[in-house]
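The structure under discussion appears below in the form of structure tokens.
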Amino acid sequence: MNAEQSSGHSTQHEPETYDIAATERKWQPVWEELQPFRADDDSPREKRYALTMFPYPSGDLHMGHAEVFALHDVMARYWWQRGYEVLNPMGFDSFGLPAENAAIRNDEHPDTYTRANIARSIESCRTYAASFDWTRTFNTSDPDYYRWTQWLFLKFHERGLAYRKNSAVNWCPQDQTVLANEQVVGGVCDRCGAEVTKKELTQWYFKITDYAQELLDGLDDLAATWPDRVVTAQRNWIGRSEGAHVDFALHTVGGDRHVTVYTTRPDTLYGATFMVIAADAALAAEVVHPDRAQALADYLVEVRKASDIDRLATDRPKTGVDLGITATNPVTGEEIPVWASDYVLADYGTGAIMAVPAHDQRDLDFAREMGLPVRRVIDTGEDDPEETYVATTGNGTYVRSGELDGLTDKAAGIRTIIERLEAEGRGTGAVNYRLRDWLLSRQRYWGAPIPIVHCPEHGEVAVPEDQLPVTLPMLRGADLKPRGTSPLGGATEWVDTTCPTCGGPATRDTDTMDTFVDSSWYMFRFCSPHDTDRAFDPEKVDAWMPCHLYVGGVEHAVLHLLYGRFFTKVLNDMGLVGFREPWSAQLNQGFVINQGKKMSKSLGNGVNLGEQLETFGVDAVRLTLVFAGPPEDDIDWANMSPEGSVRFLQRAWRLSGDVTSDPGTDPASGDPALRRTTARALHDASALVESYRFNVMVAKVMELVNATRKAIDSGCGPADPAVREAVEAVAVMLSLVAPYTAEEMWHRLGHEPTVARAGWPAVDESLLVEDTVTAVVQVRGKVKARLEVTPDISEADLEAAALADPGVQRALDGGEVRKVVVRAPKLVNIVV
RNA sequence: GCGCCCGUAGCCCAACGGCAGAGGCACACGGCUUAGGUCCGUGACAGUGUGAGUUCGAAUCUCACCGGGCGCACCA
């Protein structure tokens with residue numbers, strides 16, 4: 001569809017043709033003028049905060065953006081129509097690697113690329129008619145924003161929640177920077193897919209583990225309004241387990257010492273026949289017998305060669321070295337050998353385990369490999385693991401377990417052992433989490449500098465708040481090339497500074513923050529985006545938040561969504577916000593795919609959004625995406641029909657030209673049947689939007705359009721007030737999905753812009769009550785008759801009517817009626 | 001290996017335990033048209049992946065299996 005074609009084909013039969021391109025051009029400037037979606041902090045209306053994950057500014061929008069913005073916009077626009085004051089902001093997560101890499105390639109500054117892309121993105125969004133409040137926009141790479149990112153870092157630092165430690169960290173050789181655990185998926189870099197290696201480095205961390213239990217508990221409430229998969233992913237990621245810390249006496253050459261292990265099965269302590277220490281834990285090197293030190297060192301070399309991918313392979317044979325020392329099993333008093341292996345992780349639990357080969361498959365595999373003893377202490381009725389090499393983990397009767405012998409209850413066994421250990425001072429019940437602290441420093445340029453100065457005298461010194469922001473030095477092109485250390489280190493003038501405490505020479509921290517830090521608090525900033533005195537205005541934040549709906553991709557299930565929750569809890573502890581969860585409800589959209597596969601350059605199956613918009617228009621593309629199916633489902637563009645969407649929009653548009661009654665006509669005297677259809681459509685559409693069934697909502701509008709067409713052509717006629725009522729309802733409902741068409745319809749109906757703020761028509765409840773209802777009569781569950789009855793018919797009357805029906809009588813065929821189930825006024829089922 | 005979600009017409013998808021079809025695409029036929037479809041109308045097409053069970057009644061609840069998708073997975 002384009003303008004030339006339509007005007008060229010105007011005929012006396014179709015004098016009016018809907019010119020999509022012209023309509024888009026017509027209303028855009030009008031909306032710019034009206035600014036119908038500017039959120040007013042002081043509005044007396046009830047507030048709604050509709051947030052969609054702000055994007056990295058990649059330039060033109062693509063199909064994925066188009067989908068999420070279309071879905072999100074349905075809810076934002078619906079809330080406006082229902083009379084809420086809606087905050088629907090948009091900004092850009094504009095720090096990050098793509099801009100930096102582009103700057104290296106093009107020998108420029110990342111900001112140049114970033115700003116150009118942001119301008120294009122905003123333009124695309126405006127054409128797309130997303131109902132964002134552009135007066136609140138910001139970019140996380142602007143000093144006005146990252147100054148507050150730095151301020152928050154300092155607040156965390158004050159509270160001991162930002163700290164530095166040395167440890168083996170994830171290193172992406174491609175991006176030349178460290179990564180948080182959350183950014184490593186299956187051993188590869190989440191961003192670039194390169195195989196992640198380990199590196200021993202001193203890095204900054206946020207102490208998210210302090211909030212592990214609360215992050216977990218909060219999910220119980222969110223489970224009702226968040227997608228299951230996100231809640232599950234976060235639960236898994238936090239990975240709470242219950243068990244015990246058990247102390248073992250370790251006999252080393254240098255003397256005895258205690259080592260604590262973490263176990264979820266303290267009840268199997270009698271079956272612990274050896275101990276394993278993580279090979280890369282400092283402890284292993286400390287306790288190893290001198291004769292075995294070389295073997296351990298050799299082994300470590302081997303271990304470090306193995307990539308995460310190798311390490312994650314579950315069928316990988318167990319390896320390890322005997323440390324040449326023994327430990328005392330605290331309940332049996334036995335001396336058991338101590339080994340080092342890479343199947344024990346240094347940074348989980350205590351980095352050391354008690355091995356119970358009979359009841360843990362990993363320990364059994366290791367015992368088998370090394371020829372270590374296996375002792376069954378729970379008889380589950382299955383074959384002995386010692387013979388089958390299959391560890392038994394189920395319930396059974398304790399054997400060879402001292403005071404536990406004869407017990408059959410696992411919980412009781414665990415309780416008994418913990419009580420004994422606690423009484424003897426050899427252990428205690430313990431809870432452990434899989435969640436690790438959040439590694440936030442990055443060795444790249446395009447991020448917020450960490451506002452810390454390192455002083456030879458005073459160590460880590462916070463940059464005073466009044467000296468924020470610590471702005472990035474001007475580096476460009478080759479200066480930004482990754483060298484394994486932060487590019488900021490090369491800016492010596494910037495690095496060399498004075499200690500805020502003593503005034504002596506000192507150096508700035510040269511790492512920048514993970515961009516996930518920027519996005520962990522942006523939802524607060526939107527509430528007072530131009531505040532120059534503070535990160536956000538607590539009063540405004542409490543007025544708008546928590547967000548009533550957060551729409552975005554499920555790929556952030558444990559990254560952004562966990563970090564943002566963590567920040568919110570800390571800010572609440574600091575007294576800056578009045579709530580502990582930032583997003584009350586969440587919706588994940590699916591992907592737009594093509595021909596069954598993810599769109600990609602290599603497959604050559606990409607769909608260009610710009611071309612689709614050019615060909616079908618903004619409204620039709622939006623409509624297609626919303627109508628395609630449930631929002632969470634993937635959309636295969638190859639199965640979609642934007643042509644059909646165009647046709648429907650024209651069909652709807654045409655209705656607006658057929659209405660002959662005047663604006664403001666009282667619909668009360670209108671055709672009752674059409675009025676009921678309209679009322680029903682509005683009523684159903686509300687419920688459907690509120691439950692995110694946007695595709696079904698669109699179907700309801702289509703139904704109303706069809707009914708109205710019929711009423712005009714072969715029913716009450718175009719002059720009937722019910723027709724105007726119906727078409728106006730179509731325009732308002734359509735404004736959630738197809739804003740241009742809806743506006744044009746509204747205009748043709750004789751109204752002033754904008755339909756987007758016209759308000760949801762009030763539904764006359766009496767019109768929702770049907771005069772008659774079709775009652776179904778079943779015999780043996782099969783439909784045998786339909787009766788038109790009043791909605792308030794009594795069960796007895798309905799039963800009598802059903803039994804009197806000739807068709808039913810025939811079906812009964814004289815058989816004996818054993819039971820009659822009546823569900824007035826809809827159904828009767830006769831059991832013979 | 002463990003857990004979760006999903007299988008309805010040629011296709012995309014609807015259906016408080018109660019008439020399997022709301023809507024759309026594609027298709028066929030008719031109308032309007034010099035013609036076309038971006039118009040109007042009509043129609044055909046599934047018995048709900050398979051097998052059991054619960055129930056007066058199952059697409060819907062339960063179990064098993066088949067097929068597809070997702071998450072977790074050496075975390076002691």
Side-chain angles (χ1 to χ4, degrees), chain A residues 1 5-6 9 11 13-14 17-18 20 186 227-233 235-237 239 241 243 261-265 268 276 311-316 318 341-345 347-356 359-363 365-366 432-436 554 557-558 623-624 627-630 632-636 638-651 653-654 684 688 693 695-706 709-710 713-714 774-786 818-823 826-832:
Chain A
M1 173 85 195
Q5 256 179 2
S6 44
H9 278 259
T11 68
H13 307 287
E14 293 272 341
T17 304
Y18 178 37
I20 293 173
D228 285 347
R229 51 183 172 167
V230 174
V231 172
T232 309
R235 284 209 178 105
N236 286 341
W237 190 258
S241 71
V261 303
Y262 174 73
T263 176
T264 55
R265 292 298 303 273
T268 61
V276 187
R311 208 181 53 74
L312 288 170
T314 44
D315 51 354
R316 183 162 156 264
K318 295 280 182 289
S341 173
D342 66 348
Y343 88 89
V344 173
L345 306 178
D347 59 352
Y348 181 79
T350 62
I353 62 153
M354 62 180 220
V356 185
H359 307 296
D360 183 291
Q361 192 61 47
R362 297 156 299 184
D363 296 343
D365 292 344
F366 190 78
N432 206 32
Y433 301 90
R434 217 187 65 132
L435 181 72
R436 314 292 156 86
V554 73
V558 288
L623 178 71
T624 304
F627 184 56
E632 312 81 28
D633 288 5
D634 288 350
I635 297 170
D636 192 335
N639 291 335
M640 295 300 120
S641 172
E643 297 89 346
S645 298
V646 171
R647 276 205 296 271
F648 165 69
L649 291 171
Q650 288 171 335
R651 210 167 135 78
W653 173 88
R654 218 173 296 116
D684 290 355
L688 290 165
R693 287 181 290 167
N695 55 324
V696 189
M697 182 272 287
V698 170
K700 288 283 170 199
V701 182
M702 290 175 169
E703 211 177 336
L704 180 57
V705 166
N706 293 345
R709 178 81 267 152
K710 207 165 216 168
D713 290 350
S714 56
T774 305
V776 175
V777 185
Q778 299 174 330
V779 176
R780 286 186 219 87
K782 302 282 179 223
V783 179
K784 293 296 176 188
R786 292 180 172 80
R818 283 181 31 214
K819 188 174 177 184
V820 181
V821 180
V822 185
R823 292 285 178 271
K826 304 276 283 186
L827 176 127
V828 178
N829 190 14
I830 301 165
V831 187
V832 187

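Letters go in sequence order (proteins before strands), and every chain restarts at 1.
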Quiz item: Would a distance-only check, ignoring hydrogens and angles, find a side-chain to backbone donor-acceptor pair under 3.5 Å from A:Asp363 to A:Val356?
Solution: yes
Provide, to the nearest angstrom, the distance between the [atom1] atom belonging to [X] and the [atom2] atom belonging to [N].
| X | N | atom1 | atom2 | value |
| --- | --- | --- | --- | --- |
| A:Asp228 | B:G69 | CG | C1' | 15 Å |
| A:Asp365 | B:A76 | CG | P | 17 Å |
| A:Glu632 | B:C4 | CD | C1' | 15 Å |
| A:Arg434 | B:C74 | CZ | P | 8 Å |
| A:Arg693 | B:G23 | CZ | C1' | 14 Å |
| A:Lys826 | B:G17 | NZ | P | 14 Å |
| A:Asn706 | B:G41 | CG | P | 7 Å |

Quiz prompt | B:C74 base / A:Lys318 side chain donor-acceptor hit below 3.5 Å | solution = yes
Which one, [options], comes nearest to the side chain of [X]?
| X | options | result |
| --- | --- | --- |
| A:Arg786 | B:C19, B:G24, B:A76 | B:C19 |
| A:Thr264 | B:G41, B:C56, B:A76 | B:A76 |
| A:Glu703 | B:C19, B:G23, B:A76 | B:G23 |
| A:Val776 | B:A76, B:C74, B:C19 | B:C19 |
| A:Asp360 | B:A26, B:A76, B:G23 | B:A76 |
| A:Val821 | B:G23, B:C56, B:G71 | B:C56 |
| A:Lys710 | B:C40, B:U42, B:A22 | B:U42 |
| A:Tyr343 | B:C74, B:G23, B:C40 | B:C74 |
| A:Arg709 | B:G23, B:C40, B:C56 | B:C40 |
| A:Arg316 | B:C11, B:G41, B:C74 | B:C74 |

Practice problem: On RNA chain B, check which nucleotide each of A:Ser641 and A:Asn829 is closest to and give me the residue with the more 5' one. | Solution: A:Ser641
Taking OP1 and OP2 of [N], is either one under 4.0 Å from a side-chain nitrogen or oxygen of [X]?
| X | N | result |
| --- | --- | --- |
| A:Arg647 | B:U38 | yes |
| A:Arg654 | B:U38 | no |
| A:Arg229 | B:C72 | no |
| A:Asn695 | B:A14 | yes |

Exercise. For B:G51 and B:C56, measure between their C1' atoms and round to the nearest Å.
Key: 23 Å
Quiz item: Given that both distances must come in under 3.5 Å, which nucleotide forms a Watson-Crick or G-U wobble pair with B:G7?
Solution: B:C66
Quiz item: Looking at A:Tyr343, is A:Lys318 sitting on its ring face, NZ or CZ under 6.0 Å from the six-membered ring centre and within 45 degrees of the normal?
Solution: yes
Quiz item: How long is the gap from CD on A:Gln778 to NZ on A:Lys784, to the nearest 0.5 Å?
Solution: 10.5 Å
Quiz item: Measuring from A:Leu435:CG to A:Asn236:CG, what's the distance to the nearest 0.5 Å?
Solution: 12.5 Å
Quiz item: Looking for any heavy atom pair under 4.0 Å, which part of the strands does A:Met640 touch: base, sugar-phosphate only, or nothing?
Solution: sugar-phosphate
Practice problem: Just call it for A:Val276: base, sugar-phosphate, or nothing, with non-hydrogen atoms closer than 4.0 Å on any strand. | Solution: nothing
Quiz item: If anything within 90° of 0 is syn and all else is anti, what is B:G69?
Solution: anti
